[in-house]
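Single-structure report; data block below.
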Amino acid sequence: MRFNSLFQTLAVVLAGTALAAAQDPLALTPAPSDTPAPSAPDTAGPSPSVSAGTSPSQTYPPTQTVPVRTVERGETTSMIPAPPRTTPDPDTLGFVNTRLDRQGNPSVQPFPTGNPKLAGSGLDARIVDAPRRDAAAAPVAPAPIVLAPVAADNAGLAKRQTVANIFTPIETSAPLAIFARRRTHPVPKTGIQDAGALQTNKFYANLFLGDRHAPVYTLPYTLWWSNLPADPWGFSFDHREAPQQQYGPVQANGAVEYYINPIWIRSLSLSAVEFDRTRSTMELKALQGMSVDLMFYADKSVSTARRMDVTLCQGMGFVSAMYYGLTPAFDSSILVRSLTAVPYPAGGVRAVKYRLVLESGAVWLLYAWQGATSQPLDVVVVNNGRLEATRPFSGLVQFAKLSSTVAGDALAEVELDAASGVFCKGVTVAGQVAGATGSYQFNIARQGYSSSEVLMYALPHHVKSFESATAARTKPALRLYSGTKGVMTGVVANQWRLTETQLPTNINWIPVRANGSPGVFPAAALTQLAATARLEIAQDMNALTNLDSLYFSGKALAKFAHVCLAASEVLRDAPLTRTCLAKLKTAYARFTSNTQRFPLVYEASVWRGVVSDAVYQTGDPAADFGSGHYNDHHFHYGYFIHAAAIIAQLDRQHVSASGAWLAQNRAWVNTLVRDVANPSAADPYYPVWRSFDWFHGHSWAKGLFPSLDGKDEESSSEDANFAYAMKMWGRVSGDTAMEGRANLLLAVLRRSIGEYMLLSNGNSNHPAAFAPNRLSGILFENKVHHTTYFGTNTEYIHGVHMLPLTPISTYIRGAVFPRQEWDAYWSGGRTTSIVDGWRGILWANVALFDPRSSYRFFSAATFQDRWLDGGASRTWYLAFSGALGGAAA
C-alpha cells in the first residue's frame with residue numbers, strides 16, 4: 001500500500017484573524033541586563049510595566065500581507081523562522097492540510113463485493129443445498145404475526161439495570177492462549193516512560209508518533225512540541241478563532257467540501273533558557289484517557305530534577321507548566337506588541353500577572369505562582385518574539401487566551417484571575433445507571449497553589465447534559481471557539497456531573513417504532529420473507545465469511561446472524577432457525593478457533609492488545625484498514641460481538657437452554673470487548689477505553705498513525721454499532737454492568753453524533769458554509785471533511801454513516817434527520833443512478849422515516865440482488881422495514 005508522507009501539500013495562511021495596523025505600534029526592545037525586577041503587585045497601585053519605551057534599531061509593522069500559496073514541506077524544513085536572539089520576521093505563516101491524510105486508511109469500500117472467496121458478495125454468491133419449494137418448507141398462507149410489544153419484551157428491565165458502578169472490569173485474566181503472543185510491534189514506544197498497556201487512539205498520540213511534532217488538540221487550545229532545527233525548542237500553543245478557518249472548494253450542493261484550522265501558528269511557547277536541542281528531551285508518562293504528563297528535561301544525563309512539566313487535559317482552561325529550577329522563556333512567532341505587568345491581588349505575595357498583546361491583536365494573560373523556595377518570576381524583553389525571566393524559577397506558569405482583540409474582556413479577565421493558580425492534573429470517569437437514566441462524572445484532579453477549583457472548557461454536548469449543580473458552575477463570560485465543535489464554555493469545578501435520561505433500554509433484537517407499537521407482518525409478507533430467508537440461509541456461509549479481512553469477515557457473519565434472527569423472531573420458524581444457526585456456528589468457529597487466514601494475536605510487549613497477524617505477516621501497516629496499528633478496532637470487533645450475541649441468544653432459545661455456546665465462547669468474545677472498551681485499570685492487559693473518548697462523546701478510529709489534523713472518525717453508525725453489540729452481548733451473557741455501560745455509551749453517542757456529525761436543521765456547531773452538507777463526513781479534531789477515504793460519491797459519504805442498519809439506528813439517527821438528509825440528496829427518484837450495494841443501504845435507511853416506502857423497495861418483484869452489499873441481506877431489510885411498520889397492509 002502506498003501512502004502520502006505525513007507532511008502533505010500545505011496551503012499557507014496568515015497567522016492572525018485581523019492583523020490590524022496600530023497608530024504608532026510599540027515594538028519591544030531588548031532589556032539591559034540590569035533592568036530592575038518589578039515589585040510584587042499590591043493594592044496600592046499598578047506594578048511598573050515592562051513594556052520598553054525605546055525603539056529598537058529595526059522595527060516591523062504589525063500588518064503585512066502574505067499571499068496564499070502552496071508549498072511542499074519536508075521533514076527538516078522550518079515553518080516559522082525564529083532565531084533566538086534577534087527580532088524574528090513577522091511574516092508568520094500557518095498551515096492547513098489541503099490533502100486528505102490517508103495513512104492507515106486504504107481506499108477500499110466498506111463492504112465485501114465480488115467473488116465470495118476473495119471479497120464476499122450479496123445474493124449473487126453461489127448457493128449450496130438449495131431448499132425445496134414445497135408446502136412444508138414454505139407455507140402458502142401463514143397466519144399474520146404481531147411482534148411482541150415493547151413493554152412485554154422489557155418486563156423488569158429497570159430493576160435489572162440499576163447498577164451503582166458500571167465501570168467494573170469485564171475480566172482480569174490473561175488473554176486466551178489461543179492468541180499467540182507477539183513480543184514486538186512495528187511502531188516502537190518512543191519517549192514514553194510508562195510500562196503496561198498503553199493508549200493508542202488518544203488525543204496526544206502525535207507526541208510519540210512520527211517526528212513527534214504534529215499538533216495535539218486539547219480544545220480549545222492547540223499545542224505541539226517545537227523540536228525542528230530552526231524552531232525555538234519548547235512547547236508551543238495557539239488558539240484558533242473561527243475567522244482563521246480555511247474552506248475547501250464549493251460543491252454542487254452549495255456547501256464547502258471541508259473547513260480546517262491553520263496549524264503551527266506559535267502564539268506563544270513554553271521554554272527555558274537552559275533548553276538546548278542537542279541535549280534537551282521530552283518524555284511522556286501517565287497516558288490516561290483524558291490526560292497525559294509531559295516532562296521537558298534540560299539535560300537528563302545531568303539532572304532529572306531541572307525540568308519543565310506540562311499536564312495536558314482535554315478542555316483545560318490554562319496552558320500550565322511547572323518549572324523546577326529553570327529560567328523560563330516564552331517565544332511568539334506572531335510577535336508581542338506589548339507586555340505589561342498588572343496588579344493581581346488574588347495572587348497575594350506568591351503570584352504575578354502579565355498581560356500580553358500580540359501583533360494579531362489577541363490578548364493573552366500570563367500568571368506565575370512561585371514555589372516556597374523560589375523568587376517571583378521577573379520577565380524581561382529579548383526581542384519582539386522572545387521574553388525571558390531574569391533568574392531561575394520554581395513554580396507554576398499559566399497562560400490563558402483572554403480575547404481576540406486588543407479591547408480585551410473585563411468579565412472574562414475577572415474569571416481567569418479567580419481561577420488561576422491551579423490546573424488539571426488528570427481526569428477519571430465514573431458512571432451509574434438506573435433504568436432509563438444514566439449519570440457519569442468527570443472527577444478532575446487538581447494541583448497548584450490557589451484554593452480555586454479547576455477551570456475547564458465544556459463542549460456543547462456537555463453543557464446540554466450538565467446536572468444543575470454543574471450548570472451553576474459554568475462561566476458564560478468564558479467562551480472560546482473549539483475549532484470543529486462549536487463554542488466551548490468555561491466551567492470552574494473539580495467534578496462535572498452529567499446525566500442522560502433516555503437510555504435505549506427499550507431497544508432489543510428487533511427494531512421498534514418510536515411510539516412503541518408492535519410491527520405487523522401479514523401472511524403475504526411472511527410468505528415472501530420465508531422464501532427469501534431460505535435462499536439466503538442456503539448460501540455458503542463458510543465461503544462468504546472466510547475472507548482475508550477481519551472487517552469483511554465480521555460484516556458477513558453479522559449479515560447471516562441477522563438472517564437467523566429474522567427466522568426466529570419474525571418468522572418464528574424454529575426448524576429454519578436451527579438450520580441457519582448450525583451453519584452460522586460453523587462459520588463462526590473458524591474465528592473462535594483462530595484458524596482464519598490471518599489469526600488474531602496478542603501484542604504483549606509494546607502497546608498491548610489483540611490485533612490481526614496480517615500486519616506481521618505482510619509488513620503492510622494498512623493491512624485490514626490498519627487494524628494492526630490499532631485502527632478501527634471498534635468497527636471491526638463490533639460485528640463479531642453482535643453476531644456472537646445473536647448466536648448465544650438463539651442457541652439458548654432453540655438449541656441449548658443452558659446456553660452451551662455462550663459458555664464455550666464467552667471468554668473469546670469478551671476479549672474483543674476488552675480490547676476496545678476495557679472499563680477498568682484493574683484489567684492490566686488492555687488500555688482503558690482504547691477507542692471511546694469520554695470528553696468528545698464518541699470514538700476515534702485512528703490508531704498509531706501520526707496525523708496533522710489529529711484523530712478522526714469516518715463512520716458514526718459503526719461506532720454506535722459497537723456500543724449496541726456490547727449492549728446485547730452484556731444482556732445475553734448476564735453482565736448487567738456491561739449492558740448498563742453500553743446503554744449509557746449509546747445515549748452519549750446519540751447526543752454527540754447529533755451535535756457534531758448528523759447536521760439537522762439549525763445545527764450551529766459548524767460554519768454556515770459547511771452545514772448544508774448535512775453530515776460531517778470525516779470528523780477530525782482539527783478539520784471536518786465531507787468525504788470518505790474510499791471515494792467522494794455522496795452515497796459513500798452518507799452511507800458509511802448509516803451502515804449497518806440495526807435496531808439502534810432508530811435511536812441514534814431518529815426520524816427527523818434522515819428525512820432532511822434524504823430530501824437534500826435522494827428524493828424524487830435520485831437513487832436510480834446508484835446500481836450497487838449503496839442503493840440498498842440508502843433504502844434501508846428510508847425505513848427510519850418512511851418504512852412503507854422502504855419495505856416496498858425491498859419487496860418489489862423488480863428488486864435486484866446487486867443492490868445488496870456483502871454485509872447485508874434482503875431478509876434483514878424486509879424484517880427491519882417491516883418491523884417498523886412497513887409490512888402492514
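Contact check for K401 versus Y221: side-chain heavy atoms found under the 4.5 Å cut-off. Residues Q370 and S394 fail the side-chain proximity criterion, which asks for heavy atoms closer than 4.5 Å. The side-chain heavy atoms of L455 and V491, taken from C-beta on, include no pair separated by under 4.5 Å.
Counting only N and O atoms by type, the side chains of H766 and E755 include no donor and acceptor under 3.5 Å apart. Side-chain N/O atoms of S465 and E500 include a donor and acceptor closer than 3.5 Å. When only modelled atom types and interatomic distance are considered, S439 and R497 share no side-chain donor-acceptor pair under 3.5 Å. Under the 3.5 Å distance criterion, with hydrogens and angles disregarded, no donor-acceptor pair is assigned to the side chains of Q314 and Y457. Side-chain contact check for H801 and S717: no donor-acceptor pair (N or O, by modelled atom type) lies under 3.5 Å. In this structure, a donor-acceptor pair under 3.5 Å is present between the side chains of S699 and D719.
Put simply, the side chain of S403 gets close to the backbone of T405: a donor and an acceptor are under 3.5 Å apart. Not one N or O on the side chain of T474 forms a donor-acceptor pair closer than 3.5 Å with the backbone of P476. Listed for the S482 side chain is a donor-acceptor partner under 3.5 Å among the backbone atoms of G486. Between the side chain of D417 and the backbone N or O of A346, no donor-acceptor pair lies under 3.5 Å. Here the side chain of D194 pairs no donor or acceptor atom with the backbone of K285 at under 3.5 angstrom. Proximity of a side-chain donor or acceptor of N678 to a complementary backbone N or O of W689 within less than 3.5 Å is not detected.
Taking CG of D675 as the start and NE2 of H633 as the end, the distance is 5.5 Å to the nearest 0.5 Å.
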Which is it for K202 and D693 under the salt bridge (charged side-chain N to carboxylate O under 4.0 Å, His left out) test, yes or no, and what are the steps along the way?
-> CA-CA 8 Å; K202 298 307 179 189; D693 187 321; 5.7 Å; no

CA sep, side-chain torsions, deciding dist, call: Q432, Q441, side chain to side chain donor-acceptor pair (under 3.5 Å) = CA-CA 9 Å; Q432 312 80 34; Q441 301 83 43; 3.0 Å; yes

T501 and T437: side chain to side chain donor-acceptor pair (under 3.5 Å), yes or no, with the steps?
-> CA-CA 4 Å; T501 58; T437 297; 5.9 Å; no

Does the side chain to side chain donor-acceptor pair (under 3.5 Å) test come out yes or no for S320 and Q398, once each step is laid out?
-> CA-CA 4 Å; S320 305; Q398 294 183 294; 3.0 Å; yes

Please walk me through it: do R355 and E413 pass salt bridge (charged side-chain N to carboxylate O under 4.0 Å, His left out)?
-> CA-CA 10 Å; R355 185 181 294 117; E413 189 161 2; 2.6 Å; yes

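Cation-pi geometry between R307 and Y324 is met: under 6.0 angstrom from the ring centre, within 45 degrees of the axis. For the pair R608 and Y686, the cation does not sit on the ring face, since its NZ or CZ is not both under 6.0 Å from the ring centre and inside 45° of the axis. Y756 carries K485 over the face of its six-membered ring, with the cationic atom under 6.0 Å from the centre and within 45° of the normal.
Within a 6.0 Å radius of CD in Q193, other residues, nucleotides and ligands contribute more than 12 heavy atoms.
Proximity of the aromatic rings of Y217 and F203 is defined here by a centroid distance below 6.0 angstrom, and this criterion is not met. You'll find the ring centres of W607 and F208 inside the 6.0 Å limit.
Ring-plane geometry between W369 and Y449 is classed as parallel, the angle between the planes falling under 30 degrees on a 0 to 90 degree scale with a further cut at 60. Using cut-offs of 30° and 60° on the angle between ring planes, the pair F235 and F296 is tilted. Ring pair H698/W700 is perpendicular by interplanar angle, where above 60° counts as perpendicular and below 30° as parallel. Between F167 and W694, the angle of the ring planes goes over 60°, which puts this pair in the perpendicular group of the 30/60° scheme.
Salt bridge annotation for E453-R473: present, with a cationic side-chain nitrogen under 4.0 angstrom from a carboxylate oxygen. A salt bridge does not link K783 with D712: every distance from a Lys NZ or Arg NE/NH1/NH2 to an Asp or Glu carboxylate oxygen is 4.0 Å or more. For D331 and R266, the salt-bridge test fails: no basic side-chain N is under 4.0 Å from an acidic carboxylate O.
Put simply, the residue from W364, Y367, F237, F318 that forms a ring pair (Phe, Tyr, Trp, His ring centres under 6.0 Å) with F399 is F237.
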